[in-house]
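Single-structure report; data block below.
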Amino acid sequence: MKDISEIRADFPILSRKVYDKPLIYLDNGATTQKPLCVLDAVRDVYIRYNGNIHRGVHAMSDMTSEAYENAREIVRSFINASQREEIIFTSGTTGSINSIAFSFGERYVKEGDEILVSNLEHHANIVPWQMMCERKRAKLKVIPVNDNGEIIFDEYLKLLSPRTKIVAVTQVSNALGTIVPVNDIIKAAHSRNIPVLVDGAQGIQHGTTDVALMDCDFYAFSGHKIYGPTGIGVLYGKEKWLRELPPWQGGGDMVDKVTFEKTTYNELPFKFEAGTMNYAGAIGLGKALDYVSGIGREEIALRERQLLEYANNRLSGIKGLKIFGNSPDKIATISFLLDGIHQYDTGMILDKLGIAVRTGTHCAQPVMERFGIEGTVRVSMCFYNTFDEIDALGTGIEKVIQMFS
Ligand code: PLP
């Protein structure tokens with residue numbers, strides 16, 4: 001792995017100051033910062049070869065189309081999908097899940113059917129299913145979690161029923177950091193012929209994701225959480241599903257032949273890419289994935305485990321600090337509360353010290369309710385963070401406690 005100072009130099013924003021203090025960015029679960037090579041790749045599109053994709057006969061359109069399709073190939077290889085036809089570009093995880101919830105619901109779900117999600121889910125993996133359940137008069141069932149913030153596997157098995165149409169679970173909890181045993185969840189669902197969608201928004205950037213090995217039916221992630229641009233994401237779907245599912249949007253690029261009587265649809269993956277896509281974003285995402293591969297995904301996972309261990313040691317020594325989410329299988333995220341101090345106050349004071357953390361429910365209100373709390377302070381680290389930054393966080397938290405004592 002590159003030296004940490006070299007890595008940080010790849011991310012110009014990390015050397016800025018806020019309130020005249022060096023920025024300590026610990027909100028990587030919300031969005032990650034972007035290396036220069038990603039910014040350059042996006043800029044390059046607009047400076048050198050911008051043309052709408054798959055449309056023109058001219059050189060500019062050809063060059064952009066080629067770069068866009070190359071980005072699709074980078075994504076395919078990054079997640080080890082077997083074919084490029086299985087990679088659909090979307091606006092992000094939310095866009096991917098909404099599309100599947102709509103399309104899958106239209107094709108397969110009937111009154112009285114059941115959709116299974118877990119208590120750990122981000123709203124993006126709850127609300128689209130709820131909306132579909134309302135439309136179809138189906139039921140949303142919830143896998144409970146234990147006090148460590150882990151799903152209770154036996155309860156999951158009990159909830160799988162002949163009426164279960166799909167299981168939709170997160171790979172990693174954004175609120176608590178728990179790594180969910182998605183491989184086992186998928187095996188159990190598949191033994192009953194139930195497909196599984198995995199929300200990879202917090203999983204893809206923290207190690208190696210192999211959809212072939214995982215054997216998920218659908219996988220969703222966002223570019224901006226893996227050092228890529230905003231407004232671009234991916235939906236992976238097994239070819240057999242994508243062939244059967246109806247498109248969720250109509251318009252340009254997704255059609256084969258249009259008459260007023262009937263429209264036939266384009267081949268995969270274009271059947272699901274209606275209208276002008278965010279091709280500059282896709283090209284930037286391709287660059288981000290190449291950057292991550294260049295650093296090394298195993299190396300990233302190892303470094304983040306070291307950061308987590310260091311932060312756990314530092315923070316668990318602070319009196320009055322309670323951590324939520326204590327699974328031994330966690331990404332480098334720590335959700336906590338300080339005794340008698342509101343999470344917003346903690347977050348606001350840390351901010352004034354130049355430390356960016358997330359406060360609130362983290363778009364996961366049901367799991368907050370499970371723990372009987374209104375929210376937490378969430379520290380989400382990634383490989384460009386340093387041990388010094390964690391020390392500064394520890395000192396900052398102690399300052400917050402002092403101010404309120
Ligand atoms: N799922 C999880 C687990 C997330 O953490 C997030 C964002 O924080 C999302 C879905 C939604 O991602 P986006 O807003 O990029 O669509």
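Just follow the structure's listing: the first ligand is 1, and inside any ligand the first atom is 1.
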Practice task
Check the surroundings of atom CD in E374: do more than 12 heavy atoms from other residues, nucleotides or ligands lie under 6.0 Å from it?
Solution key: no
Problem - Residue M60 excluded, over 12 heavy atoms near CE under 6.0 Å - result: yes
Could you see which bit of [X] sits under 4.0 Å from ligand 1, with heavy atoms only: side chain, backbone, both or neither?
X: T93; result: both
X: D199; result: side chain
X: K225; result: side chain

Exercise for the section: From the options Y265, F272, F104, select the one residue that forms a ring-ring contact (aromatic ring centres under 6.0 Å, His included) with W248. Expected result: F272
Exercise for the section: Answer yes or no for R305 and Y310: cation-pi contact, defined as NZ/CZ to six-membered ring centre under 6.0 Å and angle to ring axis within 45°. Expected result: no
Exercise for the section: From the options D345, V377, L338, L321, select the one residue that forms a side-chain contact (heavy atoms from CB on, under 4.5 Å) with V400. Expected result: L338
Practice task
Pull out every atom of ligand 1 sitting under 4.0 Å from any heavy atom of T94, numbered as shown with elements.
Solution key: 11 (C), 12 (O), 13 (P), 14 (O), 16 (O)
Fill in the blank from the handout: For S222, the ligand 1 atoms with a heavy-atom partner under 4.0 Å come out as 12 (O), 13 (P), 15 (O), 16 (O)
Exercise for the section: Could you say whether the N/O atoms of Q202 and ligand 1 ever approach to under 3.5 Å? Expected result: yes
Problem - Pick from H224, Q171, H122, H362: the one approaching atom 6 (C) of ligand 1 most closely through a non-hydrogen atom - result: H122
